[in-house]
Amino acid sequence: MNSTELTHIAAPEGVAPGNGYSQVVTGTGRLVVISGQVALDENGELVGPDDPDAQARRIFENLSRCLAAAGANFDDVVKLTFFVTDTGQLPALRAARDAYVDTARPPASSAVRVAGLFRPDILMEVEALALTAPSDG
């Protein structure tokens with residue numbers, strides 16, 4: 001069975017360490033790209049209108065399901081990108097993220113404040129990149 005091993009570098013020489021994320025993650029394997037996920041349930045209904053905590057939890061549930069569909073899990077995630085309409089939502093995203101990732105070896109991350117997302121009731125969106133073991137065929 002093929003496997004992948006990720007190397008997390010919190011602070012390369014001359015770079016300040018990230019607070020809750022790795023500055024660099026390297027590895028080999030099969031690339032898995034997860035489109036930006038929002039807090040919509042399987043019926044396309046918004047979970048947690050006006051509730052950043054509920055939306056963040058649903059986003060990470062959706063990411064988990066997407067990763068599983070690709071034969072991956074959060075241990076394989078090398079990069080998360082957060083899009084928020086208000087930076088005050090970042091603690092909710094971090095709390096949801098920390099329920100899924102190994103906080104001792106967090107993925108690389110970026111956070112971007114945006115003027116809006118595709119619907120005004122959507123508060124945040126998260127996309128993920130992962131590396132899994134190469135497939136055998």
>> Once ring-ring contact (aromatic ring centres under 6.0 Å, His included) is applied, do any residues pair with Phe74, and if so which ones, sequence neighbours excluded?
In response: Phe60, Tyr100
>> With side chain to side chain contact (heavy atoms under 4.5 Å, CB included) as the criterion, how do Asp86 and Arg113 come out once you've worked through the C-alpha distance, each side chain's angles and the decisive distance to 0.1 Å?
In response: CA-CA 6 Å; Asp86 179 342; Arg113 184 174 57 87; 5.9 Å; no
Closest approach of [X] to [Y] (non-hydrogen atoms, all atoms of both residues):
X      : Y      : value
Ser22  : Pro106 : OG-O, 2.6 Å
Leu6   : Gly27  : CD2-CA, 4.0 Å
Met124 : Val38  : O-CG1, 3.6 Å
Ala39  : Ile59  : N-CG1, 3.7 Å
Ala56  : Ala92  : CB-O, 3.5 Å

With a 4.5 Å heavy-atom cut-off, do [X] and [Y] have their side chains touching?
X      : Y      : result
Val84  : Val112 : no
Phe83  : Glu127 : yes
Ile122 : Leu40  : yes

> When rounded to the nearest 0.5 angstrom, what is the spacing between CG in Leu129 and CD1 in Ile34?
Replying inline: 9.0 Å
May I have the list of side-chain donor-acceptor pairs in residues 43-51 shorter than 3.5 Å, sequence neighbours left out?
from  : atom 1 : to    : atom 2 : distance (Å)
Asp51 : OD1    : Asp53 : N      : 3.1
Asp51 : OD1    : Ala54 : N      : 3.1

>> Apply side chain to side chain contact (heavy atoms under 4.5 Å, CB included) to residues Cys66 and Gln37 and explain how you reach the verdict.
In response: CA-CA 9 Å; Cys66 290; Gln37 295 297 303; 3.8 Å; yes
> Can you check side chain to side chain contact (heavy atoms under 4.5 Å, CB included) on Val25 and Ile9, steps first, answer last?
Replying inline: CA-CA 6 Å; Val25 180; Ile9 304 168; over 6 Å; no
> Just by distance, with hydrogens left out, do Arg30 and Thr132 show a side-chain donor and acceptor under 3.5 Å apart?
Replying inline: yes
>> Between Thr26 and Thr7, is the side chain to side chain contact (heavy atoms under 4.5 Å, CB included) condition met? List the steps.
In response: CA-CA 5 Å; Thr26 65; Thr7 301; 3.5 Å; yes
> Taking the hydrophobic residues Ile, Leu, Val, Met, Phe, Trp and Tyr, and joining any pair whose side-chain heavy atoms are under 4.5 Å apart, which ones share a cluster with Tyr21?
Replying inline: none
>> Has Ser110 got a side-chain atom pairing as donor or acceptor with Thr81's backbone, closer than 3.5 angstrom?
In response: no
